[in-house]
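Single-structure report; data block below.
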2 protein chains.
Amino acid sequence: MTASPPLATGAVTGVSGPTISDVARLAEVSIKTVSRVLNHEPGVHVDTRAAVERAIAELRYRPKQSARSLAGARSFLIGLLYYDPSAQFVAGVQQGATMRCREAGYHLVVESLHDDAPDLREQVDRMVSTLRPDGMILTPPLCDNPEVLAALRDSRTPCVLVSPGRHTKDAGRDMPSVRMDDVHAAEETTNLLLSLGHERIAFVKGPSSQSASALRHQGFVRAMKAHRVGIVEDYVIAGRFDFESGVEAAHRLLSLARPPTAVFASNDDMALGVLAAAQALGLAVPGELSIAGFDDSPASGLVWPALTTVRQPKAEMARVAVEMLIAARAGDFDGPAQARGTDFHRVLPHELVVRDSTAAPATQAIAEQARARARERTRPKR
Amino acid sequence: MTASPPLATGAVTGVSGPTISDVARLAEVSIKTVSRVLNHEPGVHVDTRAAVERAIAELRYRPKQSARSLAGARSFLIGLLYYDPSAQFVAGVQQGATMRCREAGYHLVVESLHDDAPDLREQVDRMVSTLRPDGMILTPPLCDNPEVLAALRDSRTPCVLVSPGRHTKDAGRDMPSVRMDDVHAAEETTNLLLSLGHERIAFVKGPSSQSASALRHQGFVRAMKAHRVGIVEDYVIAGRFDFESGVEAAHRLLSLARPPTAVFASNDDMALGVLAAAQALGLAVPGELSIAGFDDSPASGLVWPALTTVRQPKAEMARVAVEMLIAARAGDFDGPAQARGTDFHRVLPHELVVRDSTAAPATQAIAEQARARARERTRPKR
DNA sequence: CTGAAAGCGCTTACAG
DNA sequence: CTGAAAGCGCTTACAG
C-alpha cells in the first residue's frame with residue numbers, strides 16, 4: 001500500500017526477482033523467444049538473440065529452477081548417493097561432480113544413505129519422486145545395492161555407477177558406469193616392488209564383499225606370475241580394508257619364520273596399519289620393510305614415510321558421470337540404453353604415486369637381523 | 001491414441017506419478033484439503049485427514065518439490081557452501097546436514113566454491129536466484145568471506161554460519177551461527193599436558209588468517225597462566241595448519257638447546273607433521289615427546305601412536321544449523337533477526353579425545369639424552 | 001524466424 | 001472444517 005521507492009527501470013518486487021516476462025517486455029519479444037534463447041534453441045535471429053541477452057544481463061535475470069522443472073522435462077538437479085561420508089573417495093567424487101554441474105548449469109543434491117537401512121528403497125524413492133533429478137550418480141557400495149538399483153530403475157531415472165563391482169543378476173550391468181582399472185593398477189604396484197628387487201612380497205586383501213578386493217588381488221597375482229615369482233601362501237592375508245586389519249596382518253607376517261621384505265596392502269587404511277605395526281615393532285620403513293598402499297588417501301601423504309600408493313581418478317570419474325547424465329537426458333526414453341556403444345562403460349586412467357615407503361630390500365644379513373628383532377617383540381594377540 | 005492397458009485404479013501416466021488431484025479424487029475431497037494434510041495445517045477433521053492419508057499411501061503419492069516451490073514460499077532445499085572438499089570438517093558437517101534434512105523432508109544442495117574465485121559473488125548469486133533455497137549453511141572460510149555474505153544478505157536468504165571467525169564490520173555478526181568453544185578446548189588440552197607433569201610445552205599456532213588460530217592460542221595461554229607455568233617464547237611457533245609446517249616446527253623445537261617435552265599443535269595436520277618429524281629424528285612418542293593435536297581428523301586415529309586431539313561436534317553443528325534454518329523460515333521477513341534471543345549464536349560441546357601420543361615426560365636424564373640425540377640429527381633446512 | 005495459448009502441480013488468498 | 005479460483009514462472013505443442 002505504501003508507494004514504492006524509485007527503482008531502476010524494470011525492477012520488480014525486491015525479493016522475488018525478475019521473471020521471463022520482464023525480460024520479454026524489455027527486449028520487446030514474447031516470452032517464448034526468451035525461452036528459446038535461454039535454452040540455446042536454434043532458429044532465433046541473431047539480432048533478436050542479442051537483444052534478449054542484453055535484457056537478461058541488464059535485469060540480472062535467472063530462470064527459476066522450480067518453474068523450468070515443473071513446466072519442462074528437466075530439473076537441472078543431479079543426485080549423488082553415497083554411504084560413508086567420511087570416505088575420501090566420496091569427497092573426491094563430489095568435488096568433481098559439483099564442478100562439472102556448475103559448468104553445465106546444474107546443481108548437485110547429495111544424500112547419505114546407510115547401505116543396510118531398512119527403509120533404503122523408501123528413501124531413494126522419496127528423493128527421486130519429490131526432486132525428479134535429471135540423473136543420479138551412485139558410489140560404492142550403493143552402486144552395487146540391488147534394492148537401490150531396482151528403485152532407480154523403476155523410476156526411470158538415468159543413473160551412472162561410479163566404480164561398480166560384481167555384475168550379478170540384479171546389479172547394474174544395464175546401467176552406464178565409470179571406473180578405473182584396479183587390476184592393472186595393482187599389477188603396476190606389484191611390478192614396482194618386483195623391480196626394486198623384492199621377491200618375498202606379501203599381499204593384504206580387502207573384504208570379499210567389496211569388488212575392488214578381488215580385482216586388486218588379481219592384479220597382484222598376474223604380476224607375480226608374469227615375473228615367475230612364487231606366491232607364498234602365508235604371505236596372502238585377508239583384511240577388511242581398515243587400519244586394524246592392517247595391524248593384524250603385519251603382526252602375522254612379521255612373526256613368520258621367513259617374513260616378507262615388502263607388503264602390498266590393497267588399500268591405504270590397511271597399509272597405514274602395517275606401517276604403524278612395523279614401526280611399533282622397531283622395523284625401519286622402507287629400509288627393512290617396504291610398504292605400498294592403494295587409494296592415495298590424505299593420510300597416506302601425511303605419515304612418515306609417505307606411502308607409495310595408487311591415485312584413483314575420483315574427480316574425473318565424477319565429471320564424466322555428470323556428462324553422461326546430461327548427454328543422456330531428454331529425447332531418448334530409455335536413456336542410457338541407446339548410448340550403449342563405445343562409451344557405455346568408461347575406464348579412466350589412474351596414477352601410481354611412488355613415495356617414500358618403498359625401496360630396495362636391505363641386504364640379506366641386515367634384513368634378517370632386523371626382522372628377528374621384530375619377531376622377538378611380537379606378542380600373540382589376546 | 002492407442003488404448004491404454006488395464007491399470008490399477010488411480011494409476012496415471014507410468015512415469016510422472018500421481019498428483020495431488022489423483023489423491024483428492026480418491027479421498028473424495030478437494031485438492032486444497034489434500035494440501036492441508038500435506039502441510040500439517042490444523043483445522044482438518046480427523047476423519048478427513050485419515051481418508052486423505054490413506055489415499056496418499058495407496059497411491060504412493062509424493063508432492064513434487066518444483067510445484068510446491070513455484071506456488072509457495074518454500075523450496076525444501078538447503079544449500080551447503082564450502083571451500084575445501086577434502087576437508088574432514090566439511091564431511092562431518094555435510095553428514096549431519098543431510099541426516100537432519102532428510103528427517104525434515106528437505107534436501108541438501110552442495111556447492112564447492114573457491115574462496116578467492118573472481119566470480120565468487122556471481123556464483124553465489126546464481127545458486128540463490130535459480131534454486132531459491134530456504135536457507136544456506138556456510139562453513140569456513142566462506143562463512144567469513146565478505147563477498148559471499150553480502151551476496152547472501154542481498155538475496156535475503158536465511159543463513160547460518162558454522163564456526164565463523166572474526167566478526168569484522170562486513171562479517172556475519174548479524175547472522176546466526178553455530179560453533180564450539182575453541183578457547184576452552186585448547187585450555188583443556190593444555191591442562192591435560194600440564195597434569196601429566198609437562199612444563200616445557202610448545203605450541204604450534206595456525207595461520208592468522210583463520211580465526212580458530214587465535215582462539216586456540218588464547219586457550220593455551222590461559223591454561224599456562226592459570227597454572228603459573230611460564231611460556232617460553234621459543235616454544236611458540238607459527239604454523240600454517242598443514243603437515244609441512246608441523247615438520248618445520250618440530251625441527252625448530254627439537255634443535256633448541258632446551259627443547260620442549262610436549263608439543264601442542266593446534267590442528268591435526270600439524271601434529272601429524274610434528275609426529276613424523278619426531279619419529280624421523282628417532283624420538284619415541286610419547287616416551288620422549290608428547291604430542292597433542294586438534295580436530296580428530298581420520299588420520300589422527302590411524303597413525304602410531306594415535307594422536308590425542310579434540311573432537312569437534314561437526315555433525316551436531318550442522319544439525320542445529322538445519323534446524324535454525326527450518327525454524328526461521330516463512331513468516332518473519334527478517335528471518336533470523338527475531339530469534340536473536342538466547343540461541344542466535346549457539347555453542348555446542350566438544351570432546352577431548354585422549355589417545356596414545358601423550359604421556360608423562362620421561363625422567364630428566366633419559367629425556368635429555370634422547371633429545372640430544374635428536375638434536376645431532378637435525379640438519380638446518382635448506 | 002516468432003508468438004498466443006495451455007498447462008505443469010502445487011499454494012495462496014478468499015469465501016463460505 | 002472445506003472448497004473454487006487464481007496464479008507461481010516457466011516449457012510444450014501448435015500455428016503462422
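Given the structure is predicted, the values throughout are model-derived calculations rather than measurements. No hydrogens, no waters, no symmetry mates; every other heavy atom, side chains included, goes into these values. Lettering of chains follows the sequences in order, A, B, ..., and the numbering in each one begins at 1.
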In whole angstroms, how far is the P atom of D:dC8 from the CD atom of A:Gln65?
18 Å
Proximal nucleotide (of C:dA4, D:dT11, C:dC8) relative to the A:Arg68 side chain:
D:dT11
B:Thr33 side-chain N/O to D:dG3 phosphate OP1/OP2 under 4.0 Å
yes
For the residue pair A:Tyr106 and A:Arg74, what are the closest heavy atoms and their distance?
OH-CD, 4.1 Å
Assert: residue with more 5' nearest nucleotide on DNA chain D, out of B:Lys32 and A:Lys64, is B:Lys32
Would you kindly give the CZ-to-P distance between B:Arg62 and C:dC8, to the nearest whole Å?
22 Å
With a 4.5 Å limit on heavy-atom distance, are the side chains of B:Leu80 and B:Thr98 in contact?
no
Tell me which nucleotide among D:dC10, C:dG9, C:dT11 gets nearest to the side chain of A:Leu70.
C:dG9
Remember a base hit wins even if backbone is also touched, and classify B:Thr48 as base, sugar-phosphate or nothing at under 4.0 Å, heavy atoms.
sugar-phosphate
Measure from the side chain of B:Val29, starting at C-beta and using heavy atoms only, and say which of D:dC8, D:dC10, D:dG3 lies closest.
D:dG3
Please state how far atom CD in A:Glu28 lies from atom C1' in C:dG3, giving the value in whole angstrom units.
15 Å
Do B:Met175 and B:Met136 come within less than 4.5 Å of each other through their side chains, counting heavy atoms only?
no
Under the criterion salt bridge (charged side-chain N to carboxylate O under 4.0 Å, His left out), I'd like the reasoning laid out for B:Asp154 against B:Arg121: C-alpha separation, chi angles, the key distance, then a yes or no.
CA-CA 11 Å; B:Asp154 288 356; B:Arg121 178 164 185 139; 2.7 Å; yes
Between atom CD1 in A:Ile31 and atom C1' in D:dT11, what is the gap in whole Å?
9 Å
Round to a whole Å and report the spacing from CG of A:Leu131 to C1' of C:dC10.
15 Å
Between C1' on C:dC10 and CG on B:Asp22, what's the gap in Å once rounded to a whole number?
13 Å
Check every strand shown and say whether A:Phe76 touches a base, only sugar-phosphate, or nothing at a heavy-atom separation below 4.0 Å.
nothing
Spell out, as yes or no, whether a donor-acceptor pair under 3.5 Å connects the side chain of A:Asp144 to the backbone of A:Pro164.
no
With rounding to the closest Å, how many angstrom separate the C1' atoms on D:dG3 and C:dT11?
14 Å
Give me the residues of residues 35-47 of chain B where at least one heavy atom lies under 4.0 Å from an atom of DNA chain C, by number, or none.
B:Ser35, B:Asn39
Does D:dG3 have OP1 or OP2 sitting under 4.0 Å from an N or O in the side chain of B:Ser30?
yes
Looking at B:Glu41, is its backbone amide N or carbonyl O close enough to the side chain of B:Asn39 to form a donor-acceptor pair, meaning the two atoms are under 3.5 Å apart?
no
Counting only Watson-Crick pairs (N1-N3 plus N6-O4 or O6-N4) and G-U wobbles (N1-O2, O6-N3), all under 3.5 Å, who is the partner of D:dC1?
C:dG16
For A:Ile56 and D:dC10, what is the distance between atoms CD1 and C1' respectively, to the nearest whole Å?
13 Å
Taking CD in B:Glu28 as the centre, count heavy atoms belonging to other residues, nucleotides or ligands within less than 6.0 Å. Is the count above 12?
no
